Number of protein chains: 2
Amino acid sequence: MEHGFEATSLRALTTAAGVNLAAVNYHFGSKEELFQAVLTRRLDPMNQARLELLTRLEANAARRPVSCESILTALLIPALKLARDPQRGGKDFLRLLGRAYADPAPFIRRFLSEQYGLVIARYKAAFARALPHLPRKELSWRLHFIMGALSYTLAGTDALKLIAELNPHETANDEILLRRLAPFLLAGLTAPLPAMSAVSQALDDQLAL
Amino acid sequence: MEHGFEATSLRALTTAAGVNLAAVNYHFGSKEELFQAVLTRRLDPMNQARLELLTRLEANAARRPVSCESILTALLIPALKLARDPQRGGKDFLRLLGRAYADPAPFIRRFLSEQYGLVIARYKAAFARALPHLPRKELSWRLHFIMGALSYTLAGTDALKLIAELNPHETANDEILLRRLAPFLLAGLTAPLPAMSAVSQALDDQLAL
DNA sequence: GTCTATATCATGATAGAC
DNA sequence: GTCTATCATGATATAGAC
């Protein structure tokens with residue numbers, strides 16, 4: 001969480017944990033497998049919860065499409081509940097996850113795409129039903145932007161600084177953070193198409209200069 | 001750009017460049033200083049252009065506030081022009097920059113906050129005039145989310161894009177990308193306040209379960 | 001299972017000939 | 001300025017005593 005995968009040595013981990021250096025390779029096989037085990041333990045249940053929430057929403061909606069707000073909420077709630085639970089790593093785990101998103105190591109990228117493949121597919125289908133006017137390609141991009149804002153926010157490189165500046169009296173709290181992020185993401189998701197947006201014209205104008 | 005700062009060795013760089021290993025330390029002093037020199041060469045002029053664009057917009061607007069679309073555009077245009085210019089690194093430089101944003105190394109974080117401090121302050125003030133109803137605190141958060149979506153998008157981690165079934169060919173084109181990103185960001189920036197957003201109620205409802 | 005000790009290798013940096 | 005050669009360090013992983 002603090003230094004990234006590559007820059008965190010097994011020596012630093014094992015001494016901080018008060019265990020022997022050789023224990024990692026004995027129990028996990030390698031540094032990479034340890035890392036995957038750490039992520040899987042929390043990520044797997046969280047993504048499971050996301051799938052179950054969406055399933056329940058779709059069941060309740062009968063055959064009508066679920067609203068955008070509800071789908072987005074179902075995506076965020078499991079992360080928020082995890083952030084609230086110090087016993088399961090709390091906000092530290094989310095920061096670790098946010099860093100992993102930005103890590104270029106191929107094994108991490110492969111791991112994450114395996115972990116998230118199903119979740120993204122299900123949520124994308126749900127959003128597509130909720131936003132029938134939105135072209136599929138546009139939706140793909142907007143989900144990509146959402147993941148970007150989310151992971152950057154969770155990684156919290158500067159977020160913690162920002163929280164300290166803005167909420168000197170509130171505890172640095174991921175719930176506040178997600179409650180501010182959600183309306184931002186919802187608005188972006190339901191934004192007018194690029195051809196219709198006021199900013200497209202401004203881009204054309206300024207590019208012409 | 002491909003492996004991150006830590007995982008990129010000076011040996012790999014120097015052999016790829018066809019120069020001697022010792023040249024880096026002779027000309028730049030250290031690996032870190034080389035990295036900063038690489039970034040500064042492009043980042044400095046880009047941020048300078050951002051400041052000049054904003055200054056010109058404000059001059060043209062006389063004493064009225066500049067519109068949100070124009071401010072956002074002024075922020076994106078220099079990046080877009082850089083992306084279009086292969087002679088100045090093109091999209092590769094933007095990917096490198098996006099990775100740097102996500103890097104936890106303290107010297108990189110310090111370097112970026114020095115490079116961006118003035119730009120962010122100027123643009124924040126401009127947005128504040130354009131959105132007088134938006135609380136300053138909320139604006140700070142939204143600028144943070146914007147930087148997140150932007151850097152994640154520029155960094156261009158392929159794995160998650162593939163999940164989202166995005167056309168790899170199209171991902172190569174940063175202009176199309178920014179043209180899709182801009183309306184998303186503008187909508188987020190001008191979204192209703194959290195208390196007024198439809199998603200806040202959905203969050204409350206689902207958290208109660 | 002857990003430890004010490006170590007093998008093996010790659011790294012950033014530097015010394016010194018040219 | 002540029003090269004070769006090398007230093008000191010720290011990395012992951014493993015062998016083998018207990």
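We name chains A, B, ... by the order of the sequence lines, and we start the count at 1 in each one. Note that the structure is predicted; figures quoted are calculated from it, not measured.
Applying the salt bridge (charged side-chain N to carboxylate O under 4.0 Å, His left out) rule to A:R122 yields the partners A:E58; only residues at least two apart in sequence or on another chain are considered. Checked against ring-ring contact (aromatic ring centres under 6.0 Å, His included), B:F111 has no partners two or more places apart in sequence or in another chain. Under the rule for a side chain to side chain donor-acceptor pair (under 3.5 Å), B:T73 has no partner lying at least two apart in sequence or in another chain. The side chain to side chain donor-acceptor pair (under 3.5 Å) search around B:R41 returns none, not counting sequence neighbours. For B:F28, there are no ring-ring contact (aromatic ring centres under 6.0 Å, His included) partners, not counting sequence neighbours. With sequence neighbours excluded, the residues forming a side chain to side chain donor-acceptor pair (under 3.5 Å) with A:S67 are A:S70, listed by chain and number. Applying the side chain to side chain donor-acceptor pair (under 3.5 Å) test to A:D205 and every residue at least two apart in sequence or in another chain returns A:Q201.
Sorted by residue number, the members of residues 1-22 of chain B with any non-hydrogen atom under 4.0 Å from DNA chain D read B:N20, B:A22. Shown for residues 29-41 of chain A: residues whose heavy atoms fall under 4.0 angstrom of DNA chain D, namely A:S30, A:K31.
Rounded to an integer number of Å, the gap from B:H27 NE2 to C:dA13 P is 15 Å.
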Side-chain donor-acceptor pairs of residues 6-14 of chain B under 3.5 Å, sequence neighbours excluded:
unit_1, atom_1, unit_2, atom_2, d
B:T8, OG1, B:G4, O, 2.6
B:S9, OG, B:A12, N, 3.0
B:T14, OG1, B:L10, O, 2.8
B:T14, OG1, B:R11, O, 3.2

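The aromatic rings of B:H144 and B:W141 stand perpendicular to each other, their planes meeting at an angle above 60°, with 30° marking the opposite boundary.
Sorted by first and then second residue, the ring-ring contact (aromatic ring centres under 6.0 Å, His included) pairs with a member in residues 2-22 of chain B read B:F5-B:F35, B:F5-B:F107; sequence neighbours excluded.
For DNA chain D, the span of nucleotides reached by chain A at under 4.0 Å from its heavy atoms goes, 5' to 3', from D:dA11 to D:dT14.
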